[in-house]
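Below is one structure, written out as structure tokens; the observations come after it.
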Amino acid sequence: MASRTAAAARRSTWRSFCPSSLRLSAGSSRLCSSKQATQKDKPVNRSTYRPEPSSTHDWVGPPNSLSNIRPIIYHIPENETELEKRLRNLRQDTEDWNHNFWAKQNITFSKEKEAFIISQLKAKGLTLRDQDGRRRSLNSEEMATFYKSFLDKNRVRHANYNKEWYRRNFTITLLLARVTLNSMWRTVTERQSSKNNGTPTS
């Protein structure tokens, strides 16, 4: 009974949405997650629960605790063409690539931020917590030094990410246009064929 309740709870966190022909892959910054870090070179996995793809709706899950990105499972339409499959696979791959980048980046950010705070406190002769057990913090000017340093150190990495994101979404846009045109042409030819055969069209 408990396991069924837990499974139902996981399913309830996912929402289905009608697929939008204009939606591209998420690419906004997901920096500054403060969750517990893991080894940054290892692949970062999402939740173990993933619903099966629908034939009519995309599934959108809750934000991932590391990347802060909502996972998407794209629908698989009935009678999917090779071009539609190529588009779906690229969109899904881009979602996963985006998640992995920001999860690893946020893990690195959290580790380096923690190390910076500890080093600054140590330089002042202070421990991470005061005598009452409360965690000490740095002021905004001190943290600004770390933020600038982190951004400067990762400038090339972020620039490469932006280039790849634009390249992927440009390809997705072209494939989306081809899929839309093919669908329109298929609809026109089917109606014309039905008209020539004297079969009423819907």
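Only heavy atoms go into these numbers, but all of them, side chains included; no hydrogens, no water, no symmetry mates.
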Donor-acceptor pair, side chain of S149 and main chain of T145, under 3.5 angstrom: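 No; judged by distance alone, with no hydrogens or angles, the pair does not exist.
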Spell out, as yes or no, whether a donor-acceptor pair under 3.5 Å connects the side chain of R70 to the backbone of G61.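 Checking the backbone N and O of G61 against the side chain of R70, a donor-acceptor pair under 3.5 Å is found.
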Between E84 and R88, does a salt bridge (charged side-chain N to carboxylate O under 4.0 Å, His left out) hold up when you go through it step by step? CA-CA 6 Å; E84 289 172 334; R88 175 174 58 81; over 6 Å; no
To the nearest 0.5 Å, tell me how far [X] [atom1] sits from [Y] [atom2].
X: T171; Y: Y166; atom1: OG1; atom2: OH; result: 14.5 Å
X: I172; Y: T94; atom1: CD1; atom2: OG1; result: 4.0 Å
X: R186; Y: N79; atom1: CZ; atom2: CG; result: 8.5 Å
X: I107; Y: K104; atom1: CD1; atom2: NZ; result: 9.0 Å

Answer whether the closest heavy-atom distance between the side chains of [X] and [Y] falls below 4.5 Å.
X: I117; Y: M143; answer: yes
X: I69; Y: N64; answer: no
X: L138; Y: F116; answer: yes
X: L121; Y: E142; answer: no
X: W102; Y: F109; answer: no
X: N89; Y: Q92; answer: no
X: K113; Y: F150; answer: no
X: E80; Y: P77; answer: yes

Do we see a donor-acceptor contact under 3.5 Å between the side chains of Y161 and N98?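 Present: a donor and an acceptor within the cut-off.
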Is a salt bridge present between E95 and R91, judged by a nitrogen-to-oxygen distance below 4.0 Å?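 Here E95 does not pair with R91 in a salt bridge, since their nearest N and O are not under 4.0 Å apart.
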If the threshold is 4.0 Å, N to carboxylate O, is there a salt bridge linking K111 and E114?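 Answer for the salt bridge query: no.
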Within the supplied structure, the quantity of interest is the number of heavy atoms (other residues, nucleotides, ligands) at a distance under 6.0 Å from [X] [atom1]; does it exceed 12?
X: R136; atom1: CZ; value: yes
X: K163; atom1: NZ; value: no
X: D132; atom1: CG; value: yes

Give the cluster check for [X] versus [Y]: same hydrophobic cluster or not, with ILVMFWY residues linked at side-chain heavy-atom distances below 4.5 Å.
X: I118; Y: Y147; answer: yes
X: L90; Y: L83; answer: yes
X: L87; Y: F170; answer: no

Before giving the answer on side-chain contact (heavy atoms from CB on, under 4.5 Å), spell out for W97 and E164 the whole-Å C-alpha distance, their side-chain angles and the decisive distance to 0.1 Å. CA-CA 10 Å; W97 164 80; E164 178 65 9; 3.3 Å; yes
Looking only at heavy atoms, what is the nearest atom pair of P71 and P62, with distance?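 So the two residues come closest at CD-O, 3.0 Å.
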For S67 against A103, the heavy-atom pair lying closest together: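 Answer, listing the atom of S67 first, then A103: CB-N, 3.7 Å.
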Under the criterion salt bridge (charged side-chain N to carboxylate O under 4.0 Å, His left out), I'd like the reasoning laid out for K85 against E82: C-alpha separation, chi angles, the key distance, then a yes or no. CA-CA 5 Å; K85 182 178 181 180; E82 284 301 316; 5.1 Å; no
Can you list the residues that meet the side-chain contact (heavy atoms from CB on, under 4.5 Å) rule with R155, with sequence neighbours excluded?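 Expected list: D152.
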